[in-house]
Number of protein chains: 2
Amino acid sequence: MATIEDVAKLAGLSRTTVSRVINDQPYVTDEKRQRIIQAMNDLGYVPNSSARRLRSQKTETIAVLLPRLTNPFFGNLIEAMEERASEWGYQVIVCQTHDSKKKEMDYLQLLKTKQVDGVIMASLVNEWEDVKPFLECGPIVFCNEYMDESSIPMIHMDHKQAAYEATTHLLEQGCTHISYVSGGPESHLSKKRKEGFIEALSEYGLSFQNDLAIDWAIDVSDGQKVFHLIKDELPHVDGVFTGSDEVAAGLIYEATSSSDWVIPDDLAVVGFDNQMISLLMVPSVTTVEQPVKQMADKTVEVLIQQLLHPGSLPPNRYVYPHQLLVRNSTKRKKLSIQ
Amino acid sequence: MATIEDVAKLAGLSRTTVSRVINDQPYVTDEKRQRIIQAMNDLGYVPNSSARRLRSQKTETIAVLLPRLTNPFFGNLIEAMEERASEWGYQVIVCQTHDSKKKEMDYLQLLKTKQVDGVIMASLVNEWEDVKPFLECGPIVFCNEYMDESSIPMIHMDHKQAAYEATTHLLEQGCTHISYVSGGPESHLSKKRKEGFIEALSEYGLSFQNDLAIDWAIDVSDGQKVFHLIKDELPHVDGVFTGSDEVAAGLIYEATSSSDWVIPDDLAVVGFDNQMISLLMVPSVTTVEQPVKQMADKTVEVLIQQLLHPGSLPPNRYVYPHQLLVRNSTKRKKLSIQ
DNA sequence: TTGTACGCGTTATCAA
DNA sequence: TTGATAACGCGTACAA
């Protein structure tokens, strides 16, 4: 691999001058500039990025922490983030934590070891106190996941309100025994959702019933298991709030294909995220739409602004609007006739 | 940020000795080792990865090139790859090419600029001749995408055979006017599929009809458009071979929800990849299963082996078995009665 | 307008 | 068993 030194020699000039050409700096005669460019081409010279990093203390790379890519929500999120980051010339490192505290901390180390300039956390399982120290090494921005204690930038929707609306909708449809189906660890975000769920219940004179709650469902096959659990052990349940379209889809699939339960009349179901699957299911799934692309774009933008203008303190909250999409998995016949 | 020098000073020893402790090398008294470890903890010292890279000429990072993450096939692929790579201590950079020749070349530059040690190409739109020169800078491994001209390692299934079987299945169901629906650029892989499609047709005395082919469909909404195109302009089509479960799902959704066409009797449909969605659709979608995780694991393994043992030439073909999963989108009633 | 010389933080070599 | 020193490749004061 040719180095800047080789180019300099071939062009009969100094490293400095070559460096000037590489970085588009002034004070180089056109003639010499040409000679250098010629030499670079002849040698197939490309600047060594490790050396540049060491010199500039910048990596032009960011890390995105998330639980798992197979969750389409995070797939969409990182797709948009990578696209946006690449426009700014930044690379994106994928960091799947699988909701493990240890992995999350390991990936945060990337900031300390200067492998990345900044970090986007789209998931958070550790306490904020444990994450905070890393801020000394570079900026961190939250996307989707959020909390009240910290003052770093957070881009997200109002999950409490969204859960409130979805639950209220179920109650309006006449549901009286609603199962709260969630998965993964109790994150700050999932707490918010639960708050909204409980608030809606209480307005209908109901309270949270632990025996109707399920906290281990994150994907389609879990959704299938959930249905059987409800059918066999909680047959009085007539509505399901779940934070995942995948879980909702699995549940509906199982109900439709292996029982005579009718969705939504025997069991109304709401999902979350407005994944493709929620539209394609029969019946289609009532869900909460998130402006994923906008949130991803803004997150990258906020992070990169901090990298380009260190010290500038961006606003720390960007709350995006959501929308409850009412579909067939909750439109009960008795009501639509009314 | 503390450097190795700071640690050395605090411990009253030399950089060299500190370096030895960091890298678990022998020839350091236990007492001094302890003193150094103590100093590192006191200072919160972490080795600077840029400096290490420059010194060692290694990045412990690989790049994965793919068209787009929102295609769940690639989401699953990279999920498994990242997991496997992280076990070896490697970082993964996501590189979405969006099927652009330029972006593909740009990302390959990561190899030249030493930002990554190796590259996995899960998509290929440029000619092999244009990619080949990058091999001088580090190993490249193909996954899913493949071709005959090159001799670098390729991990994939037999797409020609898979397409042949899927098409034969449609023909056995009595289809006589099969539309070939594909998307993205003509890659080496898509050529293979087409060969298999054509071979199956020819065994039934049929030949490829360009007027029944569609080459711009890659996602659900394209699938919806495809259905209307067929209904309005190619109503004699009675079967669809498509290289994507998403396209198949969109097509089936549209047929079911906005027409009186019956799937599979009026139109039999096969997808590809065995995505969750192909199972959940009503009717469920006949598709080809790929052993994604095994392929991803093997790909990472082969690449890292090349990094750990430079010069070792791994076998250049790993062909994984596929499986045609026959579901309701092709099980015609007339035949199941026979 | 060009070049000299130093330092970014590590690790490998070699001498002590 | 330890340490001084020289790279790794680049960018940039500063001097010319």
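Below, read A as the first sequence line, B as the second, and so on, with proteins coming before strands; counting in each chain starts at 1.
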Which of these nucleotides, [options], is closest to any side-chain atom of [X]?
X       : options               : answer
A/Tyr45 : D/dC10, C/dT10, D/dC8 : D/dC10
B/Thr29 : C/dG9, C/dT2, D/dT2   : D/dT2
A/Ala51 : D/dG3, D/dG9, C/dT10  : D/dG9
A/Gln25 : D/dG9, C/dC6, D/dT12  : D/dT12
B/Ile4  : D/dC10, C/dT11, C/dT2 : C/dT11
B/Thr16 : C/dG9, D/dA4, C/dT11  : D/dA4
B/Arg55 : C/dG9, D/dT1, D/dG3   : C/dG9
B/Val28 : C/dC6, C/dG9, D/dT2   : D/dT2
A/Arg20 : D/dC10, C/dG3, D/dG3  : C/dG3

Between [N] and [X], is there an OP1 or OP2 to side-chain N/O distance shorter than 4.0 Å?
X       : N      : answer
A/Ser14 : C/dG3  : yes
B/Lys32 : D/dT2  : yes
B/Asn48 : C/dC8  : no
B/Ser19 : C/dT10 : no

Can you tell me how far [atom2] of [N] sits from [atom1] of [X], to the nearest Å?
X       : N      : atom1 : atom2 : answer
B/Glu5  : C/dG7  : CD    : C1'   : 12 Å
B/Gln57 : C/dT10 : CD    : P     : 17 Å
A/Ile22 : D/dG9  : CD1   : P     : 13 Å
B/Arg52 : C/dC8  : CZ    : C1'   : 16 Å
A/Arg35 : C/dT1  : CZ    : C1'   : 13 Å
A/Tyr27 : D/dT12 : OH    : P     : 15 Å
A/Leu54 : C/dG7  : CG    : P     : 14 Å

Hey, does the side chain of B/Asp6 reach the backbone of B/Thr3 with a donor-acceptor pair shorter than 3.5 angstrom?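 Yes, because the side chain of B/Asp6 sits within donor-acceptor range (under 3.5 Å) of the backbone of B/Thr3.
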Donor-acceptor check, side chain of A/Asp117 to backbone of A/Ile62, threshold 3.5 angstrom: yes or no?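 Absent.
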Contact class for B/Val46 vs. all strands (heavy atom < 4.0 Å): base, sugar-phosphate, or nothing?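 Counting heavy atoms under 4.0 Å across all strands, the contact made by B/Val46 is with sugar-phosphate only.
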Applying a 4.0 Å non-hydrogen cut-off, can you work out what B/Pro26 is touching in the nucleic acid: base, sugar-phosphate, or nothing? nothing
Do A/Glu104 and A/Ser123 come close enough that some side-chain heavy atom pair is under 4.5 Å? yes
Are B/Ser19 and B/Thr16 close enough that a side-chain donor and a side-chain acceptor fall under 3.5 Å?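 Per modelled atom types, B/Ser19 and B/Thr16 side chains form no pair under 3.5 Å.
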Can you tell me if A/Arg52 and A/Asn23 form a side-chain donor-acceptor pair at under 3.5 Å? yes
Let me know, please, whether B/Ser56 or B/Arg15 comes out on the 5' side of the other along DNA chain D by nearest nucleotide.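 Here B/Arg15 is the residue nearer the 5' end.
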Using a strict threshold of under 4.0 Å (side-chain N to carboxylate O), is an ion pair present between B/Asp148 and B/Lys192?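 Looking at B/Asp148 together with B/Lys192, the answer is yes, because their closest N to O distance falls below 4.0 Å.
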